[in-house]
Amino acid sequence: MTIKHVHRFKDRHGKVRHYLRLPGVKAIALPGAPGEPAFMRAYNQALEQHAAPASDSKSKAAPGSMRDLAERYYATGRFKDKSERTRYVERQIFDRFMLKHGDKRAAAVETRHLDAIFTEMSDRPAAAMDLRKRLRNLFRLAIKLGWRKDDPIAATDTFKLGTWHTWTDDEIEKFEERWPVGTRQRLAFDLLIFTGQRSGDVRQMLWTDVRHGKVKVIQGKTGAELTIAQHPSLAPSLDAFRKDVGCIVVTEFGKPFSEHGFGNWMADAIGLANLPDACVTHGLRKAAARRLAEAGCTAHEIQAITGHTTLKEVERYTAAVSRERLAISAIGKVANVGGTPGSQTDLQTAEESQ
């Protein structure tokens, strides 16, 4: 039997708990673990209890409207397989879109209408591209349902997006100088740079996740379960605050950070280190991937640490790898086979001068 809609969490004591999350239904705690008798009884009972009301519910959306299309999309496996957070965000995006631009018939939406909407968002290219990507899911479903013959998104203009700044080694050193080992800011920073995880996952890391020289992570965005070898430079920061239970990074009052609280706190720490505005917390994840690439790690090895779902994402994150160092390495390899524009000694001297 396939078990769906079950989410696995660790509480503040490190105990693993399972919850069943169904659309429109409050999360239901399930005893034990998947496959165990008590778990399966509670799981099947919950499905039976909530299946009838869900199927009997009547939609207020006009047939063939964008809202009708969105509600049909919410019932697809493509939507249900996404994380709870992603589903929530996507629903909010569609609700705002229809509230602002009207709940039109899906078959009546034209490319020129969408282009006008995206043009209004030209000062927020990332948001425009995100909306474009999500609306494509709706119109692809409309084609499958026979409501449309074309995808009006396909012909819309795209935006050139910038990327998060990847921290340089000099910027990393500057932060470390301002926040030495023994400060909570350095502890958070070291967890970010030496595990390569998102700030949301670092914020929720527990002391029970760090055992026997390894850091275990269950990523909130993807659900990926990772086991990362503890970097030697991370140990001093951990040892300065080590406890048996609870979150590793906490507020000055010893409480877990909220999502926005952690982001603002890290932004303040970065500002006090007199770093450029381009230096943001997410850039440390890219810096971690860059360092791994520069150390000679393969894309698959980097993926095993960062938890990216595709190698394409890894390549996008490692685009900031020092081309100068790689170029010197490449020419050095050519030198070893006798086809070099300069001697190996010259190349070694050039590398040492960097």
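Positions are given from 1 along the sequence.
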Original post:
Between R148 (side chain) and A106 (backbone), is there a donor-acceptor pair under 3.5 Å?
Top reply: yes

**OP:** Name all pairs fulfilling the salt bridge (Lys or Arg N to Asp or Glu O under 4.0 Å) condition that reach into residues 202-217, sequence neighbours left out, sorted by first residue then second.
**Re:** K10-D209

**OP:** Would you please test D169 and R290 for salt bridge (charged side-chain N to carboxylate O under 4.0 Å, His left out) and show each step?
**Re:** CA-CA 10 Å; D169 288 341; R290 168 183 65 80; 3.0 Å; yes

**OP:** Could you tell me which non-hydrogen atom of L69 sits nearest to which non-hydrogen atom of L138, and how far apart they are?
**Re:** CD2-O, 3.3 Å

Original post:
Quick one: CG on L30 to CD on E36, what's the gap to the nearest 0.5 Å?
Top reply: 11.5 Å

Original post:
Hey, does H165 have a side-chain heavy atom less than 4.5 Å from the side chain of V280?
Top reply: no

Original post:
Side chains of R285 and T306: donor-acceptor distance under 3.5 Å anywhere?
Top reply: no

Donor-acceptor contacts, no H, no angles, side chain residues 246-267, under 3.5 Å, sequence neighbours left out:
{"residue": "T251", "atom": "OG1", "partner": "F253", "partner atom": "N", "Å": "3.2"}
{"residue": "T251", "atom": "OG1", "partner": "K255", "partner atom": "N", "Å": "3.2"}
{"residue": "T251", "atom": "OG1", "partner": "K255", "partner atom": "O", "Å": "3.4"}
{"residue": "S258", "atom": "OG", "partner": "G261", "partner atom": "N", "Å": "2.9"}
{"residue": "N264", "atom": "ND2", "partner": "H260", "partner atom": "O", "Å": "3.2"}

**OP:** Kindly indicate whether the side chain of E225, heavy atoms from C-beta on, has any atom under 4.5 Å from the side chain of V217.
**Re:** no

Subject >> Nearest heavy-atom neighbours spanning R87 and K80 >> reply: NH1-O, 3.4 Å

**OP:** Decide yes or no on side chain to side chain contact (heavy atoms under 4.5 Å, CB included) for R198 and V202, but give the supporting numbers first.
**Re:** CA-CA 6 Å; R198 300 176 182 87; V202 167; over 6 Å; no

**OP:** Could you tell me whether the side chain of E71 reaches within less than 4.5 Å of the side chain of R67, counting heavy atoms only?
**Re:** yes

Original post:
Which residues pass the side chain to side chain contact (heavy atoms under 4.5 Å, CB included) test with R78, sequence neighbours left out?
Top reply: Y73, T76, N137, R140

**OP:** Flag the pair H113 / K104 as yes when at least one side-chain heavy-atom distance between them is below 4.5 Å, and no otherwise.
**Re:** yes

**OP:** Measure the spacing between CG of D151 and CG of L141 and express it to the nearest 0.5 Å.
**Re:** 11.5 Å

Subject >> side chain to side chain contact (heavy atoms under 4.5 Å, CB included) partners of I93, counting only residues at least two apart >> reply: V89, R96, D130, L131, R134

**OP:** Any ring-ring contact (aromatic ring centres under 6.0 Å, His included) involving residues 197-252? Give me the pairs, sequence neighbours left out, ordered by first then second residue.
**Re:** F194-H231

Original post:
Are R291 and K286 side-chain neighbours, meaning at least one heavy-atom pair lies under 4.5 Å?
Top reply: no

**OP:** Measure from the side-chain N and O atoms of D115 to the backbone N and O of D157, and report whether any donor-acceptor pair falls under 3.5 Å.
**Re:** yes

**OP:** For F189 and W167, run ring-ring contact (aromatic ring centres under 6.0 Å, His included): C-alpha distance rounded to whole Å, both residues' side-chain angles, the deciding distance at 0.1 Å, then the answer.
**Re:** CA-CA 12 Å; F189 181 87; W167 287 48; 5.8 Å; yes

Subject >> Spacing of CD1 belonging to I305 relative to SG belonging to C297, to within rounding of 0.5 Å >> reply: 6.0 Å

**OP:** Could you walk me through whether D190 and R186 pass the salt bridge (charged side-chain N to carboxylate O under 4.0 Å, His left out) test, one step at a time?
**Re:** CA-CA 6 Å; D190 283 352; R186 179 61 173 273; 3.1 Å; yes

Original post:
Does P152 offer a backbone N or O that forms a donor-acceptor pair with the side chain of T111 under 3.5 Å?
Top reply: yes

Subject >> Least distance between heavy atoms, T183 atom then P180 atom >> reply: OG1-O, 2.8 Å

**OP:** Answer yes or no: is there a donor N or O on one side and an acceptor on the other, between the side chain of Q197 and the main chain of T195, under 3.5 Å?
**Re:** yes

Subject >> Pair F79-R72, side chain to side chain contact (heavy atoms under 4.5 Å, CB included): steps then yes or no >> reply: CA-CA 10 Å; F79 179 78; R72 291 171 185 264; over 6 Å; no

Original post:
Under the 3.5 angstrom rule, does the side chain of K174 hit a backbone N or O of N274 as a donor-acceptor pair?
Top reply: yes

Original post:
Are D68 and D103 side-chain neighbours, meaning at least one heavy-atom pair lies under 4.5 Å?
Top reply: no

Original post:
Just wondering, do H18 and H7 contact through their side chains at under 4.5 Å, heavy atoms?
Top reply: no

Subject >> Heavy-atom pair with the smallest gap, counting every atom of D201 and I218 >> reply: OD1-O, 3.9 Å

Original post:
How are the rings of Y43 and F39 set to each other: parallel, tilted or perpendicular (split at 30° and 60°)?
Top reply: parallel

Original post:
Given L206 and V245, is the side chain to side chain contact (heavy atoms under 4.5 Å, CB included) satisfied, shown in steps?
Top reply: CA-CA 7 Å; L206 305 173; V245 297; over 6 Å; no

Subject >> F94 and Y74: CA distance, side-chain angles, deciding distance, side chain to side chain contact (heavy atoms under 4.5 Å, CB included) verdict >> reply: CA-CA 11 Å; F94 291 146; Y74 299 150; 3.5 Å; yes

**OP:** Specify the closest pair of heavy atoms between S199 and T281, including all atoms of both residues, with the distance to one decimal.
**Re:** CB-CG2, 4.0 Å

Original post:
Do you know which two heavy atoms are closest between E171 and P276, and how far apart they sit?
Top reply: OE2-CG, 3.9 Å

**OP:** May I ask whether I143 and I153 are part of the same hydrophobic cluster, defined by side-chain heavy atoms of I, L, V, M, F, W, Y residues being less than 4.5 angstrom apart, directly or through others?
**Re:** no

**OP:** Please answer: with hydrophobic residues joined when any side-chain heavy atoms are less than 4.5 Å apart, are I193 and V181 in the same cluster?
**Re:** no

**OP:** To the nearest 0.5 angstrom, please state how far the CG atom of L284 sits from the CG atom of L192.
**Re:** 5.5 Å

Original post:
In Å and rounded to the nearest 0.5 Å, what is the CD to OG distance from Q185 to S237?
Top reply: 11.0 Å

**OP:** Find out whether L238 and L234 are in side-chain contact, i.e. whether some heavy atom of one side chain is under 4.5 Å from a heavy atom of the other.
**Re:** yes

Original post:
Can you name the residues that form a side chain to side chain contact (heavy atoms under 4.5 Å, CB included) with A235, not counting sequence neighbours?
Top reply: Q230, D239

Original post:
Quick one: CE on M129 to OG1 on T156, what's the gap to the nearest 0.5 Å?
Top reply: 8.0 Å

